[in-house]
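Here's the structure we're looking at; comments come further down.
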Amino acid sequence: MGAIDFAKLPHIGEPLRRKEDYRFLTGAGQYTDDIQLANMRHAVFVRSPHAHANIRSINKAAALAAPGVVGVFDGADIAADKIAGLPCGWLITDTNGQPMKEPPHPVLAQGKVRYVGDHVAIVIADTVENARNAAELVEVDYEPLAAVVDVRDAMKPGAPALHTEAPDNHCYKWAIGDKAAVDATFANAAHITRLDLTNNRLAPNPIEPRACIGNYNRASDEYTLYVANQNPHVERLLMTAFVMGLPEHKVRVIAPDVGGGFGAKIYLYAEDVAVTWAAKKLNCAVKWTCERGEAFLCDAHGRDHVSHAELAMDKDGKFLGLRVHTDANLGGYLSTFSTAVPTILYATLLAGQYTTPQIYVEVDAWFTNTAPVDAYRGAGRPEATYLIERIVSRAAWELGLSQDEIRRRNFITQFPYQTPVALQYDTGDFHACLNKANELADVAGFPARREASKAKGLLRGLGYSSYIEACGLAPSNIAGALGARAGLFECGEVRVHPTGSVTVFTGSHSHGQGHETTFAQVVASRLGLDPSQVDIVHGDTGRVPFGMGTYGSRSISVGGAAIMRALDKIEAKAKKIAAHLMEASDADVDFANGEFSVKGTDKKVTFGQVALTAYVPHNYPLDKLEPGLNETAFYDPTNFTFPAGTYICELEVDPATGVARVDRFTAVDDFGTIINPMIVEGQVHGGLVQGIGQAMLEHCVYDRETGQLVTGSFMDYTMPRADDVPSFTIGHVCTPCTTNPLGTKGCGEAGAIGSPPAVINALLDALAPLGVKEFDMPATPHRVWQAIQSAKQ
Ligand code: MCN
């Protein structure tokens with residue numbers, strides 16, 4: 001079935017309430033920490049209080065003697081059992097042709113700690129309290145070393161070195177584009193706009209902290225790991241093949257209800273391995289639940305780029321070339337997908353929505369004494385969008401063009417469009433998004449609103465961001481050629497039961513995105529069922545055949561497409577059964593609205609009758625067909641999907657206090673075919689709040705001397721709250737994706753990608769009368785006030 005026909009099916013585009021909300025809203029969800037196993041003990045980790053230190057010795061005796069303690073293990077114990085370090089899933093090749101520096105990432109420290117919170121030992125006791133008390137008795141003799149937390153410091157000659165494998169802290173230099181051609185373009189440009197910017201480091205903060213329970217069954221020699229994770233099969237693959245050296249069929253990974261992830265739960269973490277290993281060692285289940293303070297220290301962080309960008313234009317503001325250099329902070333070790341974020345997921349998006357013919361991007365990635373940095377909602381695409389949309393807005397100010405005009409002069413209008421940075425956009429209508437955003441934001445009424453603000457002594461600004469992103473990760477062969485050490489397909493199994501209801505097993509994982517509803521809509525619409533007749537199972541390697549999981553807004557476009565393939569097989573087989581029942585040829589059978597009919601006759605059988613016949617095959621072509629109606633499909637996409645849109649932010653600043661307030665925010669997105677507009681709107685709202693949070697409030701700060709995390713709690717790290725954001729105005733444009741059978745483009749990250757530059761462009765527009773030209777996120781009152789004062793000098 002083609003994407004156009006699919007979009008016309010019943011239930012597609014229906015704002016169904018989420019099936020899963022009943023259990024979530026009535027407290028019936030089952031998260032990892034809710035799970036109680038027989039013979040279960042509790043783990044607490046001893047973490048480094050130093051950003052950088054050698055470990056001279058560890059004395060476990062007092063902790064082992066403490067009440068309730070059943071085990072205390074350190075790096076030596078792990079090494080003695082030949083447990084390997086945590087792997088990095090993406091190999092980047094340096095511009096010098098050598099592989100990136102890939103220092104070991106031990107599960108428990110091996111003689112050295114490299115960030116505050118680094119794992120030193122695991123203490124296991126009968127209760128969490130006893131484990132916590134005993135952890136304080138583990139005596140670690142540290143030799144503190146000088147620390148480095150900022151990339152600008154890490155690259156200095158003589159900076160403290162974290163790893164012997166990378167004595168200058170440099171992990172890789174990577175580049176894309178034709179440098180000579182870009183340099184030549186700049187030599188002939190009529191105007192060059194330049195910009196330095198920092199993309200601030202963020203802590204993901206899903207509402208459910210990470211948690212895991214390792215268990216081991218002596219009788220079958222099998223492990224089970226319950227874990228708050230976004231991709232249980234990937235977790236199992238990494239843990240068995242790379243770290244523990246176990247056969248995969250002996251390890252079951254279950255990610256039950258998961259309370260948000262935003263990227264932070266994609267990775268294989270030290271805690272997951274440690275509890276699984278300790279379960280066998282102690283012959284008991286071992287549970288660990290992260291505390292919020294620990295999450296700040298050791299969940300993978302996001303962003304942390306320092307960039308310089310230059311945009312070359314002709315005299316009419318037509319873009320000729322873009323030149324970018326970015327220094328990316330990778331933290332103390334390489335987290336699972338960290339290396340792909342500032343390269344493949346970032347630089348390839350730097351064409352944005354524009355026809356810029358020449359682009360050259362160079363990225364240097366550095367180790368620092370901070371928590372590992374990896375994908376966080378948007379992963380590379382927010383950093384790219386922030387850079388492009390900031391420099392485009394600045395170019396407009398410098399050339400005296402309106403924000404609208406500079407974008408229109410440069411928009412891509414012909415599709416498919418091959419960018420100079422590898423990606424090929426299949427569809428889009430950037431003018432339509434901009435037009436609709438202008439209309440919904442009432443841009444025409446802005447001058448009057450600005451005057452009204454002025455009358456109150458306030459400054460009002462208007463900011464644009466026309467983003468594009470690549471999601472639905474990705475064709476496996478291209479990802480492999482770019483360094484991925486895994487495939488990026490998805491798997492779906494559709495199991496039709498004898499009475500016609502359906503259970504679907506998907507490799508995608510839902511941790512807030514509503515898959516139990518939207519995937520059921522897809523299946524119900526294809527089979528002519530009510531969505532209540534379709535259940536979705538995910539998050540269990542013991543039940544789902546295989547899966548690559550959820551990140552990169554890939555679930556509906558890749559996971560959904562795998563289910564569509566399985567449905568094609570179901571439909572093909574069901575048609576044969578129906579043809580037999582109606583004594584017709586397969587080719588003459590049509591299927592629509594849950595009924596099979598023979599062309600040109602009034603013969604009909606229902607989907608339910610066919611399902612029953614498949615399992616009670618009394619009148620059945622057993623010589624040609626197997627009984628049963630259960631099909632599995634794997635789907636590997638041929639391209640990314642490219643959601644795009646225009647966001648417009650309007651904010652007010654009080655110049656006396658520096659307080660900025662987002663007053664209006666309009667988001668117009670093109671997600672192709674929309675399965676459930678209510679869920680999509682929720683996804684956009686969530687993303688916008690996260691993006692506005694980055695722009696206005698959130699910021700991980702490490703002390704530049706000591707490497708201590710200054711923003712280690714919600715007292716210091718400000719999460720956005722309801723009264724920090726306005727009621728959003730949302731609109732849609734639809735150009736269906738041409739490379740998947742649903743026509744969908746991912747929506748899960750768009751809000752977080754498109755919104756930060758809209759906010760900061762609005763802020764700079766508001767502050768322009770005061771002469772403020774530079775500003776780095778977040779726009780806290782203190783920083784805004786400082787910017788105003790600096791501009792006065
Ligand atoms: N959808 C739709 N029509 C479309 C596109 C999507 O109806 N054209 C629906 C999908 O069927 C799905 C939801 O919208 O129910 C999101 O789909 P998709 O864009 O495919 O994204 P994923 O399901 O793969 O979710 C991943 C994405 C990412 S990468 C992050 S990070 C993120 C996000 O989703 N983390 C979240 N949204 C989150 N929402 C919550 N509540 N919690 C998180 O941790």
Side-chain angles (χ1 to χ4, degrees), residues 3 6-7 11-16 18-21 24 202 204-208 210 228-231 257-266 300 302 337 345 374-382 469-473 488 490 506-523 525 531 536 538 547-561 563 637 640-643 669-691 732-737 740 742-753:
F6 172 75
H11 307 305
I12 301 305
E14 220 176 282
L16 281 190
R18 302 201 322 172
K19 290 171 121 193
E20 46 270 75
D21 281 349
F24 292 146
L202 303 174
N205 283 317
I207 195 163
E208 178 211 20
R210 286 192 297 120
N229 179 273
Q230 301 175 216
N231 44 348
D257 284 332
V258 173
F262 308 115
K265 293 175 182 166
I266 300 174
F337 292 113
L345 296 172
D374 209 319
Y376 167 63
R377 202 169 194 171
R381 290 100 84 208
E469 60 134 331
C471 55
L473 301 173
L488 281 164
E490 199 45 271
T506 171
S508 298
H509 187 275
S510 189
H511 37 277
Q513 296 89 345
H515 296 176
E516 290 170 47
T517 306
T518 51
F519 285 20
Q521 283 178 257
V522 169
V523 175
S525 70
I536 308 295
H538 61 86
M548 296 309 297
T550 287
Y551 38 84
S553 302
R554 67 195 301 272
S555 298
I556 196 62
S557 302
V558 188
I563 293 169
F640 295 88
T641 72
F642 296 99
D669 298 282
D670 177 358
F671 298 132
T673 305
I674 287 179
I675 310 295
N676 184 323
M678 186 163 63
I679 285 179
V680 166
E681 194 166 321
Q683 287 291 307
V684 172
H685 283 193
L688 291 178
V689 175
Q690 269 173 312
H732 294 288
V733 163
C734 176
T735 63
C737 173
N740 71 54
L742 305 103
T744 50
K745 306 179 188 183
C747 71
E749 295 158 292
I753 292 169

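First listed ligand is number 1; within each ligand, the first listed atom is number 1.
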Would you give the length of the straight line joining atom OG of S508 to atom NE2 of H515, rounded to the nearest 0.5 angstrom?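 Reported value, rounded in 0.5 Å steps: 6.0 Å.
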
Let me confirm one number: the CD1-CD distance from I753 to E469, rounded to the nearest 0.5 Å.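 Nearest 0.5 Å value for the CD1-CD distance: 3.5 Å.
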
[atom]: which protein heavy atom is closest, and how many Å away?
atom                    : answer
atom 12 (C) of ligand 1 : Q513 O, 3.4 Å
atom 3 (N) of ligand 1  : I675 N, 3.2 Å
atom 5 (C) of ligand 1  : K745 O, 3.3 Å
atom 10 (C) of ligand 1 : T518 OG1, 3.7 Å
atom 43 (C) of ligand 1 : F262 CE2, 3.1 Å
atom 8 (N) of ligand 1  : T673 O, 2.7 Å
atom 28 (C) of ligand 1 : E749 CG, 3.7 Å
atom 44 (O) of ligand 1 : G261 N, 2.7 Å

Does ligand 1 come near enough to [X] that some N or O of the ligand is less than 3.5 Å from an N or O of the residue?
X    : result
Y551 : no
S557 : no
N676 : yes
G260 : no
I679 : no
G748 : yes
G552 : no
G378 : no
V680 : no

Sub-4.0 Å atoms of ligand 1 with respect to non-hydrogen atoms of F671: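 Going through ligand 1 atom by atom, the ones under 4.0 Å from F671 are 8 (N).
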
Can you check whether [X] reaches [Y] side chain to side chain, under 4.5 Å on heavy atoms?
X    : Y    : answer
Y551 : N231 : yes
I563 : V523 : yes
P677 : V680 : no

Report yes or no: does a heavy atom of G672 sit under 4.0 Å from some atom of ligand 1?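 Distance cut 4.0 Å: G672 fails for ligand 1.
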
Is C747 near ligand 1, meaning one of its heavy atoms is under 4.0 Å from it?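 In this structure, C747 qualifies as a contact of ligand 1 - some heavy atom is under 4.0 Å.
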
Hey, are R381 and E749 close enough for a salt bridge, meaning a charged N less than 4.0 Å from a carboxylate O?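 Yes.
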
Given the rule in the side-chain contact (heavy atoms from CB on, under 4.5 Å) test, do L488 and R554 qualify, once you have shown the distances and angles that lead to the verdict? CA-CA 10 Å; L488 281 164; R554 67 195 301 272; 4.0 Å; yes

Member of T641, T673, D669, T735 meeting the side-chain hydrogen bond (donor to acceptor under 3.5 Å, both in side chains) criterion with K745: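 Among T641, T673, D669, T735, the one meeting side-chain hydrogen bond (donor to acceptor under 3.5 Å, both in side chains) with K745 is T735.
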
